[in-house]
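Every chain is numbered from 1 and lettered A, B, ... according to where its sequence line falls, protein lines coming before strand lines.
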Protein chains: 2
Amino acid sequence: MTGDPRRQPEFSPRQSAVLEEALRLLVAGGEKALTTAGVARAANCSKESLYKWFGDRDGLLSAMIAYQASKVRTLETEGERLTAVSLRERLETFARDLLAVLSGDVSLALNRLAIGQVSRESAKLGELLRERGRRQIDRRARALLDAGQRAGLLFFGDAEEAYRTLYGLIVTDLHVRMLLGEAPVRDGEKRAEKAVSAFLKLYGTDKVLAG
Amino acid sequence: MTGDPRRQPEFSPRQSAVLEEALRLLVAGGEKALTTAGVARAANCSKESLYKWFGDRDGLLSAMIAYQASKVRTLETEGERLTAVSLRERLETFARDLLAVLSGDVSLALNRLAIGQVSRESAKLGELLRERGRRQIDRRARALLDAGQRAGLLFFGDAEEAYRTLYGLIVTDLHVRMLLGEAPVRDGEKRAEKAVSAFLKLYGTDKVLAG
DNA sequence: GATGAACCGTACCGTACGGTACTTAATCGA
DNA sequence: TCGATTAAGTACCGTACGGTACGGTTCATC
């Protein structure tokens, strides 16, 4: 047992460097550019090492998703007492962060990769991406919504439905459009503000609407 | 000049049959299963004919999207005078139809195909899908929203933003989740109702909220 | 300094696919 | 009935990729 069992490094520094290079290739050229020989060449490692570490190509793809997800750590800025103003601010920050994440090069490339892999037998990539990629940001939003309800600023019966609504108001069809190749938006700021205003109009109590 | 110049058949019956078979293969096995030899075998045609008709493999993919888009014809059920009740009904019908379209096998397969093709030089598929696939349903919704505004039931400054909001409330992240392999929803009915209620709460005038 | 593990670089193999060429059957107009 | 066009079927070619094997090199351990 080396190190804290709760802290599983999951990937060695060398492997992380290789995965980083693989992500770079994927972003640059899509899945077609992600050949085992190409990754080995770009990362200055041998194909034999790739297969030893990741099993096969699918293992490499899964590792790339797991690695990228392990890098994303959402800061849980809890603690303060929520007010109408601070709730709105926190929601807008969440909205901006969500749009930034979804617009990111690596995120888009990995989503495209996973979507392209669906309907293969080893269709674990999509599930992996849904599970590991979304959980962090979902938990952050859910915690914020719950805090808003506890503070008497929001009211909803079904937290899942409220969160889905918030997500839809922020993202609309932008994610799919970007996945299809459209350039990321430039009005993220205004989009975030409008989405949060609409959300508060739907789920805000009198307390927050007066603020 | 054979036939009406406004009615361009675009694809001969034989070609349509081939494209139909290609779509079937794509839905069944994803892009990997869509080989030229496989299409030729499944459609009982020669590879040489495929290349004569569609140029190359990319041409075949584009043709598949164009063909599928040409099959979708949105019925423009205009005419009646909108009331609060009928507007809600029409919006809910639109929501159900939108969810049904996005959940369709062929739609999901083509979207996955186009998304997988992004970041190749011939990245026309995504654009093609955005242009030809969405235009019909967008126009229908925009017409409905405009009619609602003219009838004094809706109020919005920016029609584009109102439509985006409606879309986001209906679909949320469902489309991406399905693209990633999640099974289509079963609560489309309730989802449509709730989305329309939220939309009317945001954009409905007193007239429609009273109804 | 010897030993063994890890790993890089490269060469190699089998396969599968995109695209082309050729042969043969069928359809159709004169 | 004949010639021409079309397309099916097949065989073929080049290439590129996933996966494996092997020789050489570094590096840690004894």
Side-chain angles (χ1 to χ4, degrees), chain A residues 2-3 9-26 28-65 109 112-114 116-117 119-125, chain B residues 2 9 11-26 28-65 109 112-114 116-117 119-125:
Chain A
T2 69
E10 188 150 18
F11 299 115
S12 73
R14 184 77 185 101
Q15 291 168 5
S16 297
V18 170
L19 292 174
E20 200 78 49
E21 205 62 34
L23 285 174
R24 218 181 51 78
L25 280 180
L26 178 68
E31 190 198 347
K32 193 191 68 172
L34 198 72
T35 66
T36 55
V39 172
R41 191 175 342 108
N44 288 327
C45 78
S46 69
K47 287 175 66 176
E48 198 167 16
S49 299
L50 286 183
Y51 283 93
K52 168 178 287 188
W53 293 333
F54 306 114
D56 57 3
R57 188 173 184 270
D58 280 350
L60 173 64
L61 304 186
S62 299
M64 289 167 64
I65 291 180
R112 292 194 187 109
L113 174 66
Q117 293 285 344
S119 85
R120 281 166 176 68
E121 64 290 346
S122 60
K124 302 290 290 180
L125 287 192
Chain B
T2 69
F11 299 115
S12 72
R14 183 77 183 100
Q15 291 169 3
S16 297
V18 170
L19 292 174
E20 200 77 50
E21 205 63 34
L23 285 174
R24 218 181 51 78
L25 281 179
L26 178 69
E31 191 198 347
K32 194 190 67 172
L34 198 71
T35 67
T36 56
V39 172
R41 190 174 345 107
N44 287 326
C45 77
S46 69
K47 285 174 67 175
E48 199 167 15
S49 300
L50 287 184
Y51 283 93
K52 168 179 286 189
W53 293 333
F54 308 112
D56 57 4
R57 187 173 184 272
D58 280 351
L60 174 63
L61 304 186
S62 299
M64 289 167 65
I65 292 180
R112 292 194 187 109
L113 174 65
Q117 292 284 344
S119 84
R120 281 165 175 69
E121 64 291 345
S122 61
K124 305 289 290 180
L125 287 192

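- The minimum heavy-atom distance between Gly30(B) and Ser119(A), with the atom names listed, is CA-OG, 3.3 Å.
- Nucleotides of DNA chain D lying under 4.0 Å from heavy atoms of chain A occupy a range whose first and last members, 5' to 3', are dC17(D) to dC22(D).
- The side-chain hydrogen bond (donor to acceptor under 3.5 Å, both in side chains) test applied to Gln15(B) returns no partner, not counting sequence neighbours.
- Taking the side chain as every heavy atom from C-beta outward, Leu19(A) and Phe54(A) approach each other to under 4.5 Å.
- One finds the CG atom of Leu26(B) at 11.5 Å from the CZ atom of Arg24(B) (value rounded to the nearest 0.5 Å).
- To the nearest 0.5 Å, the span separating CG on Asp56(B) from CG on Leu50(B) amounts to 11.0 Å.
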Distance-only donor-acceptor pairs under 3.5 Å for side chains of residues 33-42 of chain A, two or more places apart:
residue: Thr35(A); atom: OG1; partner: Gly38(A); partner atom: N; Å: 2.9

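- At least one side-chain nitrogen or oxygen of Trp53(A) sits closer than 4.0 Å to the OP1 or OP2 atom of dC7(C).
- Non-hydrogen atoms lying under 4.0 Å from DNA chain C are contributed by Asn44(A), Cys45(A), Ser46(A), all within residues 28-47 of chain A.
- Atom-to-atom, CG of Leu50(B) to P of dA21(C) comes out at 16 Å; the value is rounded to the nearest Å.
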N/O contacts under 3.5 Å, protein versus nucleotides 22-28 of chain C?
residue: dC22(C); atom: N4; partner: Glu48(B); partner atom: OE1; Å: 2.2
residue: dC22(C); atom: N4; partner: Glu48(B); partner atom: OE2; Å: 3.3

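- Put simply, Ser49(A) has no side-chain N or O that comes within less than 4.0 Å of OP1 or OP2 on dC7(C).
- The line from CD of Gln117(B) to CZ of Arg112(B) is 15.0 Å long, rounded to the nearest 0.5 Å.
- Each side-chain hydrogen bond (donor to acceptor under 3.5 Å, both in side chains) pair with one or both residues in residues 44-54 of chain B, not counting sequence neighbours, appears once here: Ser46(B)-Ser49(B).
- The distance from the CD atom of Glu31(B) to the CG atom of Leu61(B) is 6.5 Å, given to the nearest 0.5 Å.
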Check the pair Arg14(B) / Cys45(B) against side-chain contact (heavy atoms from CB on, under 4.5 Å), numbers first and verdict last.
CA-CA 9 Å; Arg14(B) 183 77 183 100; Cys45(B) 77; 3.5 Å; yes
